[in-house]
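I have placed the structure first, in the form of structure tokens, so that the comments after it can refer back to it.
In this chain, residues are counted from 1 in sequence order.
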Amino acid sequence: GETLDKTATIIEEMMQWVPDKPQSHVRSVLGAFLFSGDDVDKKIGVLSGGERARVALAKLLLKPANLLVMDEPTNHLDLDSSEALIEALEGYGGTLIFVTHNHSFLNALATQVWDVREQTVGPYPGNLTEYLHHLFLQRKRLRALRLPRLGFGPLAILLGRAAARFLTRDLHRMPRGGQLKVVEVLR
């Protein structure tokens, strides 16, 4: 939201960004981010932080690159806006790499999880829930064999402590300290 012109309206900002696109297309993208009708005539300077974040995300999707890297894209978004972003990104044709604590966002968009530990990369097809289930089954097999438990290193890129505890509670048998080291989402 920092690179937006606070004196421009939402539609003016977008049309300056993609002057070759028809206004109907721009309005359609803005509608996916919950800006419709007269909303597009609001000055960016009067928008809330969440609304500015939605404008910035819409702007990214108006002129998409083949790689989109997002750091906590849902932080300032309410539930409806997060769902709108998920829907918009489902149609994105490039590679998407993001860092987020939003479990539903991860499960909706992840197609592969990469676990990086001990100088190796272990790719797993599927979303975060499927990957965590894989870890749970792996631990269960090791316990049945009475082998030492797999260790999980310190928290790294994807999950904060709160999210790791939330996901741990979801899987009940994963120990409280179980955390992913690195997760990248690729499309």
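- Classification of the Tyr124-His134 ring pair by plane angle, with boundaries at 30° and 60°, yields tilted.
- The two residues Leu128 and His103 have their closest heavy-atom pair at CD2-CD2, 4.0 Å.
- Placement of Leu47 and Leu61 within a single hydrophobic cluster is found when ILVMFWY residues are connected by side-chain heavy-atom separations under 4.5 Å, directly or transitively.
- Note: Ser82 OG to Arg54 CZ = 10.0 Å, rounded to the nearest 0.5 Å.
- Nearest heavy-atom pair, Thr9 versus Val40, reported as atom, atom and distance to 0.1 Å: CB-O, 3.8 Å.
- More than 12 heavy-atom neighbours from other residues, nucleotides or ligands sit within 6.0 angstrom of CG on Asp20.
- Looking only at side-chain heavy atoms (C-beta outward), Leu89 and Leu68 come within less than 4.5 Å of each other.
- When each of Ile10, Leu4, Val18 is checked for a side chain to side chain contact (heavy atoms under 4.5 Å, CB included) with Lys59, only Leu4 meets the rule.
- Within the 3.5 Å criterion, the main-chain N or O of Leu135 finds no donor-acceptor partner in the side chain of Gln138.
- Looking at every heavy atom in both residues, Ile86 comes nearest to Ala108 through CG2-CB, 3.6 Å.
- Here the side chain of Asn107 pairs a donor or acceptor atom with the backbone of Thr129 at under 3.5 angstrom.
- Closest of all the heavy-atom pairs between Phe105 and Thr100 is CD2-CG2, 3.9 Å.
- A donor-acceptor pair under 3.5 Å is absent between the side-chain atoms of Glu90 and the main chain of Leu109, judged by distance alone.
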Determine whether Thr7 and Asp5 satisfy the following criterion, side-chain hydrogen bond (donor to acceptor under 3.5 Å, both in side chains), listing intermediate values before the conclusion.
CA-CA 5 Å; Thr7 64; Asp5 178 359; 2.6 Å; yes
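- No donor-acceptor pair under 3.5 Å is formed between the side chain of Lys43 and the backbone N or O of Ala8.
- In this structure a side-chain-to-backbone donor-acceptor pair under 3.5 Å is missing from Glu83 to Asp80.
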What verdict does the side chain to side chain contact (heavy atoms under 4.5 Å, CB included) test give for Leu30 and Ile11, after you've listed the backbone C-alpha separation in whole Å, the side-chain angles of each residue and the deciding distance to 0.1 Å?
CA-CA 9 Å; Leu30 287 169; Ile11 195 71; 4.0 Å; yes
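- In this structure, the side chain of Ser48 engages the main chain of Glu51 through a donor-acceptor pair within 3.5 Å.
- The minimum heavy-atom distance between Arg27 and Gly37, with the atom names listed, is NH1-O, 3.6 Å.
- When every heavy atom of Ala32 is checked against every heavy atom of Ala84, the shortest pair comes out as O-CB, 2.8 Å.
- With a 4.5 Å cut-off on side-chain heavy atoms, Thr111 and Asn127 do not count as touching.
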